[in-house]
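What's counted below: heavy atoms across the whole structure, side chains too, no hydrogens, waters or symmetry copies. These numbers were taken from a predicted model, which means no experiment stands behind them.
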Amino acid sequence: MALTAGAPAGGVPAHAASARSAAAPAALYLVQFDAAPLATYAGGVGGIDATRPAPGGRLDLGSRQYTAYRDHLRAERARTLRAAGLGEAKTVTEYDVVLNGAGLRLTGADVAKLAATPGVRGIFAQEYRPLDTTDTPAFLGMTGPDGVWARQFGDPSRAGEGVIVGAVDTGISPGNPSFAPLPHPRPDAEVIAKKWTGECAPAEEAPVTCTNKLLGARWYNFGKPTPTPPGAAASWSRSRASTAQTRRRGRPPGRAR
């Protein structure tokens, strides 16, 4: 995704951004608002119970309070934008679950107005950063007798059973051996079936075929001039996803190429 929570606009907190950015042309910004997002809301808004799950629990996407608080957040964001003299047409996308925020296309004058508006916690300019990687499980502390595979799963051959890994990155390479389908049914098929609620959006360019190993893929292009379909992957994202999800069977994960 092109929107990232990098340095605040102008490299300073939102309340100090206005003087530095007033003359800046329109660009994409991630704006964070004060109220808690759905994942951490503990109550306090009249008539809306807490949505924060209990420790070890999951967010109930179908609950009445989930819908009510999500609508409350959206209404409050719209109110804050109106207070800053900005229209809803500035909004590119909105975030409710782990972040109460929105992606907005703003001029420097817009940033200055928002920075002075109550209810705004931070304004972050879109950034593009160079990709880097170290594609070794040892670097991540996964291998060896004291590694995650041995400590959490008891045996590297069972590492990752029942776990779904989600990665937001520059793409995926379904033809890589690390993503080859597992024997059917996979040993943890029932656990995975209960957890998985996603979808496979193959796209028209560089389409992805989902399997019982590569469960799903979707693509987003907020603020990115040319969309990158899920199959049009960079080696960095293939490497990170394959390192994270590969279940060892007496050998290290296949290196993505």
Side-chain angles (χ1 to χ4, degrees), residues 1-9 11-18 28-88 90-106 110-111 113-127 148 151-152 160 162-169 191-199 215-216 218 220 222-223 244:
M1 296 180 65
L3 279 173
T4 63
V12 294
H15 67 270
S18 56
L28 277 173
Y29 292 83
L30 175 63
V31 179
Q32 182 180 8
F33 297 84
D34 280 342
L38 284 154
T40 59
Y41 170 62
V45 176
I48 305 179
D49 293 335
T51 55
R52 182 179 64 185
R58 302 181 68 183
L59 193 63
D60 186 354
L61 306 185
S63 67
R64 183 200 67 82
Q65 59 265 30
Y66 176 94
T67 301
Y69 189 62
R70 181 194 61 194
D71 292 345
H72 169 78
L73 288 179
R74 293 178 179 179
E76 284 298 297
R77 289 196 295 264
R79 181 193 62 77
T80 302
L81 292 178
R82 287 194 301 270
L86 305 180
E88 294 186 14
K90 299 279 187 179
T91 302
V92 176
T93 188
E94 296 187 75
Y95 305 99
D96 304 296
V97 180
V98 298
L99 175 80
N100 173 21
L104 302 169
R105 189 172 295 279
L106 304 172
D110 295 335
V111 172
K113 292 176 184 178
L114 270 179
T117 302
V120 175
R121 177 167 296 186
I123 305 173
F124 304 88
Q126 177 177 251
E127 294 183 72
V148 173
R151 287 188 289 106
Q152 185 167 342
V163 175
I164 297 175
V165 176
V168 179
D169 217 316
V191 176
I192 294 296
K194 291 179 180 178
K195 289 182 174 182
W196 176 246
T197 60
E199 63 180 280
L215 299 179
R218 298 181 66 184
Y220 306 86
F222 302 132

For this session: Might you point out which heavy atoms bring L61 and Y66 nearest each other, and give the distance in Å?
Result: O-CD2, 3.3 Å
Problem set entry | Nearest heavy-atom neighbours spanning K194 and R58 | O-NH1, 4.5 Å
For this session: Working to the nearest 0.5 Å, report the span between CG of L99 and CG of L38.
Result: 11.0 Å
Problem set entry | Minimum heavy-atom distance between E88 and A78, given as atom pair plus value | OE2-CB, 3.7 Å
Problem set entry | Contact check, side chains of L86 and T117, non-hydrogen atoms, under 4.5 Å | no
Problem set entry | Least distance between heavy atoms, A39 atom then L59 atom | CA-CD1, 4.3 Å
Seminar exercise, completed: Which of R121, E94, Q32, R77 passes side-chain hydrogen bond (donor to acceptor under 3.5 Å, both in side chains) with N100? It is R77
Exercise. Minimum heavy-atom separation for R74 to D96, with atom names?
Worked result: NH2-OD2, 3.0 Å
Exercise. After noting the C-alpha distance and the side-chain angles of V191 and V163, does the key distance pass the side-chain contact (heavy atoms from CB on, under 4.5 Å) rule?
Worked result: CA-CA 9 Å; V191 176; V163 175; over 6 Å; no
Seminar exercise, completed: To the nearest 0.5 Å, atom CZ of R70 lies from atom CD1 of I48 at 11.5 Å
Exercise. Within a strict 4.5 Å, meaning less than it, do heavy atoms of the V31 and L81 side chains meet?
Worked result: no
Exercise. Hey, are the side chains of L73 and Y41 touching, using non-hydrogen atoms and a 4.5 Å cut-off?
Worked result: no
Exercise. What pair of heavy atoms forms the shortest contact from P118 to T80, and how long is it?
Worked result: O-CG2, 3.7 Å
Problem set entry | Close side-chain approach of D110 and Y29, heavy atoms under 4.5 Å | no
Seminar exercise, completed: Separation between CD1 (I192) and CD1 (I164), nearest 0.5 Å, reads 4.5 Å
Exercise. Got a second to check how far H72's NE2 is from Q65's CD, nearest 0.5 Å?
Worked result: 14.0 Å
